[in-house]
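Remarks on the structure that follows.
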Amino acid sequence: MSTPFPFTAVVGQDDLRLALLLNAVSPAVGGVLVRGEKGTAKSTAVRALSVLLPEVAVVPGCRFSCDPAAPDPACPDGPHEPGPGVERPARMVELPVGASEDRLVGALDIERALAEGVKAFEPGLLADAHRGILYVDEVNLLHDHLVDLLLDAAAMGASYVEREGVSVRHAAKFLLVGTMNPEEGELRPQLLDRFGLTVEVAASREPDQRVEVVRRRLAHDDDPAGFAARWAHEEGAVRARIVAARELLPSVRLGDGALRQIAATCAAFEVDGMRADIVMARTAVALAAWAGRTDVLAEDVRQAALLALPHRRRRNPFDAPGLDEDKLDETLEEFGEPEDDDPGPDGPGGGGGQPPRDGSDGPQDGDTGGDTGARPEAGEDGEPQPSGAGSGEQQPARAAEPFRTKVLSVPGLGEGAAGRRSRARTEHGRTTGARRPRGALTKLHLAATVQAAAPHQRARGRSGRGLVVRRDDLRQATREGREGNLVLFVVDASGSMAARQRMSAVKGAVLSLLLDAYQRRDKVGLVTFRGSAADVALPPTSSVDAAAVRLESLPTGGRTPLAAGLLRAHEVLRVERLRDPARRALVVVVTDGRATGGPEPVALAGRAARLFAADGVASVVVDCESGPVRLGLAGQLAGELGGTAVTLDELRADSIAGLVRDVQGNSGRAA
């Protein structure tokens, strides 16, 4: 077993370490979501925390880690007789992004359930994580239904498995930790809200701190055991402090003054629901216990707000998480200081809820081989500048307010990643039939299984009540749900689109479609064309907010190389089809249909468009033509693409009915 990097050797990252320690003191806080760029010690810190957790006593032989002092009366391995337990280290269980539902919650032996009527249950990762840590790296890439399952279990402290009339329940209380890189896509707001705390991490820009990060990382890699031994004293001190804080936690008093400040803060920041108030209260209590105090102070309330509220204030995926600290201080001051009869000692390692210091104040990067560069601001990451920038270029126009759009979907029945846009065969959804399982059985179709087994009962010598079921009898339920697609935007940024008010409306429409793509769990890409060439402003990604940033800074002006834009988009789809052949594409061309530059630009654009029709790519043209005289070129382009044209007004969900539901196109070949 490899030796993890010591928790106390992590350089800086005070908020990250504090959030993890508070959850170790009080798992009722609700876990922590760690957001940050790659190479910022997210995984390193989480793995290091597991070593600091006190050992747990378990019932010998119990697969569900029951506490011998208070065994779960509904434990599938129970009932347990009173007796001494055995000590073992707290586990850290990792949930892979590609895990199945059965791997997470456990699986039933369907053959034994049908033939013998017994609950033969194989525990999953939720059972393994009971009384330990469940760690989900890249939680934003996890399928939504798995995120729902693990968050429900974390909230209820139990996991329920219901399969074809067979029910199993077991305790599942764990510290939930998720890490994510926002560049790869955001979590849905309702899922963000289920994490108790959220912290943002970034690599240090100070050379001395970065030198210390590298020095410690290399020392650990050269001699993990020796490096851990040098930090053993600090690790032991933090471990003892966690135990002391846990013992002190029930004695911490949350006075009316602190509660009033918590409620006022949540109201001032217009946080939805009451979960934020509850999480803030639990966090403030844990902060006091961590500092060795029995009273919650204003500083605890302030720190709790900074950890519990930023991710709950987002109103749409394009809002950056954060909290106005000046407004926070004004609110706390307005509603007064909570009572402070006996502050008590600050406790070992400093008070105020701060984690133990290691002599370095800056952030740290404990991950191996990570990119420690800063996440650039928009336009600083080498974003390609369109050709012909000097030809009548205008300053970027701001996008108009987004609106709810009509549903655009790909025709036919796909088999792509789960989402909310187009019809597809999925693991979840309404049952449409049955088939023989390919590989492991995941969703039993009971009626079809019984029907397959029934004719063979006499030949199999059935004599009792049970049905004699063989592996060949099992039938997998086929289900129809929704999939996420690749929505590739091809945006005309030429001079014919550059009237400021008009481009603002166009950007507002694209932003509205991006918001719709976010809600429907699509991947998105952005191709722009102007001047004499086309550029891939954003390769296909799950980060819809990255597309919004690129769109906001999009310059306009110059000629209209429509053919170049379509050809570049066709190439993007070709490459993406190799990477993810199951994900179907929807191409959204935003243009007035004009084409200029070079010989026969309109004919060239028509030939490029017919490539999409030949490949069966679903497409829609958002017609941005305005003015009293209309040429209808966007409609002609839609015909060449084999798709549909809609105007900006028709794109709105509240416009006159009778509009696009399924995008026209040849669905015989998935893009």
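This one's a predicted model, so the numbers in the text were calculated from it and none came from an experiment.
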Please check: side-chain N/O of D615 versus main-chain N/O of V617, any donor-acceptor pairing under 3.5 Å? no
Test side-chain hydrogen bond (donor to acceptor under 3.5 Å, both in side chains) applied to D623 and T647, step by step: CA-CA 5 Å; D623 184 358; T647 65; over 6 Å; no
When rounded to the nearest 0.5 angstrom, what is the spacing between CG in L586 and CG in L486? 8.5 Å
Under 3.5 Å, is there a donor-acceptor pair between the side chain of E625 and the main chain of G632? yes
Taking side chain as C-beta onward, heavy atoms only, is T405 less than 4.5 Å from R652? no
Taken to the nearest 0.5 Å, the spacing of D137 CG from K42 NZ works out to 7.5 Å
Salt bridge present between E650 and K406 (N-O < 4.0 angstrom): no
Candidate pair D492 and L562, rule side chain to side chain contact (heavy atoms under 4.5 Å, CB included), full reasoning: CA-CA 8 Å; D492 184 348; L562 178 56; 5.9 Å; no
Main-chain N/O of L33 paired to R35 side chain as donor or acceptor, under 3.5 Å: no
Taking all heavy atoms of L488 and all of A569, pick out the closest pair and write down the distance. CD2-O, 3.6 Å
Interatomic distance, R521 atom CZ to S542 atom OG [nearest 0.5 angstrom]: 8.0 Å
When rounded to the nearest 0.5 Å, the distance separating OG1 of T179 from OH of Y135 is 3.0 Å
Taking E576 first and then K523, would you say they form a salt bridge - that is, a charged N and a carboxylate O separated by under 4.0 Å? yes
What I want to find out is whether E483 reaches R421 closely enough, with some N-O distance under 4.0 Å, to be called a salt bridge. no
Sub-4.5 Å side-chain heavy-atom contact between S512 and R404: no
Flag side-chain contact, heavy atom, 4.5 Å: L554 against V491: yes
Distance-minimising heavy-atom pair for R312 and A276: CD-CB, 3.6 Å
Nearest atoms (heavy-atom pairs only) where L511 meets A548: CD1-CB, 3.8 Å
With a 4.0 Å cut-off, would you call D522 and R520 a salt bridge? no
Apply side chain to side chain contact (heavy atoms under 4.5 Å, CB included) to residues V177 and V136 and explain how you reach the verdict. CA-CA 6 Å; V177 182; V136 189; over 6 Å; no
Using the salt bridge (Lys or Arg N to Asp or Glu O under 4.0 Å) rule, take E415 and R584 through it: C-alpha gap first, then chi angles, then the decisive distance, then the call. CA-CA 9 Å; E415 294 184 344; R584 299 186 295 164; over 6 Å; no
Under the side chain to side chain contact (heavy atoms under 4.5 Å, CB included) criterion, do V621 and V646 qualify, and how do the steps go? CA-CA 6 Å; V621 177; V646 297; over 6 Å; no
Please step through salt bridge (Lys or Arg N to Asp or Glu O under 4.0 Å) for the pair E480 and R423, ending with a clear verdict. CA-CA 7 Å; E480 182 178 311; R423 294 175 54 225; 2.8 Å; yes
Apply the test side chain to side chain contact (heavy atoms under 4.5 Å, CB included) to residues V589 and V622: give CA-CA distance (whole Å), side-chain angles for both, the deciding distance (0.1 Å), then the verdict. CA-CA 6 Å; V589 185; V622 179; over 6 Å; no
Is the distance from the ring center of F612 to that of H570 below 6.0 Å? yes
Under 3.5 Å side-chain donor-acceptor pair for T560 and S494: yes
Just how far is it from atom CD of Q636 to atom CG of L641, taken to the nearest 0.5 Å? 12.0 Å
Short side-chain to backbone donor-acceptor contact, R550 and A537, under 3.5 Å: yes
Could you walk me through whether D535 and T528 pass side-chain hydrogen bond (donor to acceptor under 3.5 Å, both in side chains), step by step? CA-CA 5 Å; D535 298 294; T528 64; 4.8 Å; no
A side-chain contact here means heavy atoms from C-beta on lying under 4.5 Å apart; do F529 and L566 qualify? no
To check you understand the geometry: which heavy-atom pair defines the closest contact between A19 and V32, and what is its length? CB-CG2, 3.7 Å
I need the L408 CG to T644 OG1 distance, nearest 0.5 Å. 9.0 Å
Taking only residues two or more places apart in sequence or in another chain, which ones pass side-chain contact (heavy atoms from CB on, under 4.5 Å) with E206? S204, Q209
What pair of heavy atoms forms the shortest contact from P599 to L604, and how long is it? O-CD1, 3.5 Å
Sort and list the pairs that fulfil salt bridge (charged side-chain N to carboxylate O under 4.0 Å, His left out) and have at least one residue in residues 561-575, not counting sequence neighbours. E571-R574
Nearest heavy-atom approach of A645 to A634 is CB-O, 4.3 Å
